[in-house]
Amino acid sequence: MQRYKQIIDNWKQFQKECKRQERKTVRKNPIKSSEGFEQKLENDFPDVEQADWNQNIYRLNSEKSAGKSMLHWLGEYYVQEESAALPVQILDPEPGEKVLDMCAAPGGKTTQIASKMDNKGTVIANDKNPKRLKSLHANIYRTGSTAANVVNYDGRRIPKKVKYDKILVDAPCSGEGNNSRRNFKSASEQELRTLSNIQQKLLENAEKLLKEDGRIVYSTCTFAPEENESVVEKTLENTDLRLENIESDIEHVRGVKKFQETEFSFQTSKTVRVYPHHMRSGGIYVARFTK
Amino acid sequence: MPGSQNREEIDTEDVLNYINNRFGVKVEDLDKFNIVERSGDFWLISDQELPDLDYETQGVRFVRDTGKYLKPTTYGLQILDEKISGARIQVNREELKTVLDGDMVEKEMEIGEGYVAIVYEERVVGCGLYKDGLLSSRIPKGRGKELNDMI
């Protein structure tokens, strides 16, 4: 992680947080949650607190497993890292829209999209990896997300038979910001090159699938500018997409202007970086485009 | 057994009638969903105008056609939850654990033989079968085990 020392706003806090257990959070699923949800959640997790930036996010402040409760079993909530709820908040899908989740498994963001749409409209939940579809199906069923429909294409080649109002490209990434995936270890140069190439292609196909005035949200859970600002820069060069400024109430920093020898030529300040010490959650990068 | 049909005759109208007659779910309570048939099963989806793509699944599997009977899925019954007014069988913790262990529980009910909604702590937890005064679980095994471990 030393390579990021220059771009992290509070290096000491960042290092400290990377060593600490992430705070457990759950996202209420209004499609299934019943009356008295908060009280029932509090019975299971007495120190629970509601996040101020998203009324459906609850911080558990408990060691108890969030995945082993009746509320979870019934699909009344989804166990989701707090920062992972940000991309869909920024995508802001609405009832009746046609939304594509390009890399959907295991379904956290798909089910969040369906929930934000009040389960009205169409969510196309795509994932390339057939092995990951099982968890995607299970989460869609458990949460009662009848708006979600699963397809299995390579995201770079999803047929262009229809245009979408909104597209989420929560791209496969090195996962540096995700403690459980790689314990905050940096990715190799080869890994970064391969992934940024895939991310680039996904965004280029997303542009072709987007309606005029539609919206694309690009997100990764990594710190590497090669997978974040570099990908956004190339996308702006290669497509007709325009970058939109993201306003967010959560603690964050803006996209970096320069990393090592690379200086980015677009308004990186329109994009958002959330580090683990900002909300005791995983790292995330988010950019929003329109056409 | 209710829901017993000739497979070739079954369409979404039959499914609606079955859910209405057996579970007392009003047709208007299903208005916000569309029911589509796919590979012999019936699915609840939110929007009938789906793009022309090669789908793995559409929405949530609602009712299976076993060839002999219509069988509601646990997920489908959970979605309907409090809208279900008929064929509900309330169980306590001990009874639920018994059926989840694969055994049967004796219940004297004014319910005809067939599939039922198992209700625990006022929530529909899934599908069961009521026959000869005995209740058994039709909740998928993996899901049933998870539930059994946490109650």
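Chain letters run A, B, ... following the sequence lines, proteins first and then strands; every chain starts at 1. Because only heavy atoms are used, hydrogens play no part in the values below, and waters and symmetry mates are left out as well, while side chains stay in. Worth saying up front: this structure is predicted, and the values here are computed from it rather than measured.
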State, to 0.1 Å, how close A:Tyr141 and B:Tyr75 come at their nearest heavy-atom pair, and which atoms those are.
O-CD2, 3.4 Å
Can you tell me if CE on A:Met70 sees more than 12 non-hydrogen neighbours from other groups inside 6.0 Å?
yes
In this structure, NZ of A:Lys98 is separated from CD of B:Glu49 (nearest 0.5 Å) by 7.0 Å
Exactly one of A:Asp118, A:Val123, A:Asn149, A:Asn119 clears side chain to side chain contact (heavy atoms under 4.5 Å, CB included) with B:Ser46, and that residue is A:Asn119
Is any side-chain heavy atom of B:Tyr55 closer than 4.5 Å to a side-chain heavy atom of A:Ile124?
yes
Check A:Ile140 against B:Val60 and note the closest heavy-atom contact, atom names and distance.
O-CG2, 4.1 Å
Measure A:Ser34 against the heavy atoms of chain B and call it side chain, backbone, both or neither at under 4.5 Å.
both
Among the listed options B:Ile79, B:Leu53, B:Thr73, B:Asp81, the residue most often paired with chain A at heavy-atom distances under 4.5 Å
B:Leu53
Who among B:Ile45, B:Asp47, B:Thr57 has the most heavy-atom pairs with chain A under 4.5 Å?
B:Thr57
When you look at NZ of B:Lys32, are more than 12 heavy atoms from neighbouring residues, nucleotides or ligands closer to it than 6.0 Å?
no
Ordered numerically, the heavy-atom neighbours of chain A under 4.5 Å found in residues 144-151 of chain B are B:Glu146, B:Leu147, B:Met150, B:Ile151
Does any non-hydrogen side-chain atom of A:Thr146 lie less than 4.5 Å from one of B:Gln58?
no
Go through the atoms of A:Ala148 and report whether side chain, backbone, both or neither lie under 4.5 Å from a heavy atom of chain B.
backbone
With a 4.5 angstrom heavy-atom cut-off, which part of B:Val125 approaches chain A: side chain, backbone, both or neither?
both
Side chain, backbone, both or neither: which part of A:Val162 has a non-hydrogen atom closer than 4.5 Å to chain B?
side chain
Can you see which heavy atom on B:Asp52 is nearest to which on A:Lys161, and at what distance?
O-CD, 2.9 Å
Examine whether an atom of A:Leu136 lies under 4.5 Å from a heavy atom of chain B, and if so say whether it belongs to the side chain, the backbone or both; otherwise answer neither.
neither
Count the heavy atoms belonging to other residues, nucleotides or ligands that lie under 6.0 Å from CD of B:Glu28, then report whether that count exceeds 12.
yes
Can you tell me which portion of A:Ile31 sits under 4.5 Å from chain B's heavy atoms? Options are side chain, backbone, both or neither.
neither
Would the number of heavy atoms belonging to other residues, nucleotides or ligands and lying under 6.0 Å from NZ of A:Lys160 be above 12?
yes
With the side chain counted from C-beta on, respond yes when B:Leu50 and A:Thr122 share a heavy-atom pair under 4.5 Å apart, and no when they do not.
yes
Is it true that, when you exclude A:Lys120 itself, more than 12 heavy atoms of the residues, nucleotides or ligands shown sit nearer than 6.0 Å to its NZ?
no
Check whether A:Tyr153 reaches the backbone of B:Asp54 with its side chain - one donor and one acceptor, N or O, closer than 3.5 Å.
yes
Quick one: are A:Val151 and B:Glu56 in side-chain contact, heavy atoms under 4.5 Å?
no
State, yes or no, whether a side-chain contact exists between B:Arg143 and A:Trp73 at a heavy-atom distance under 4.5 Å.
yes
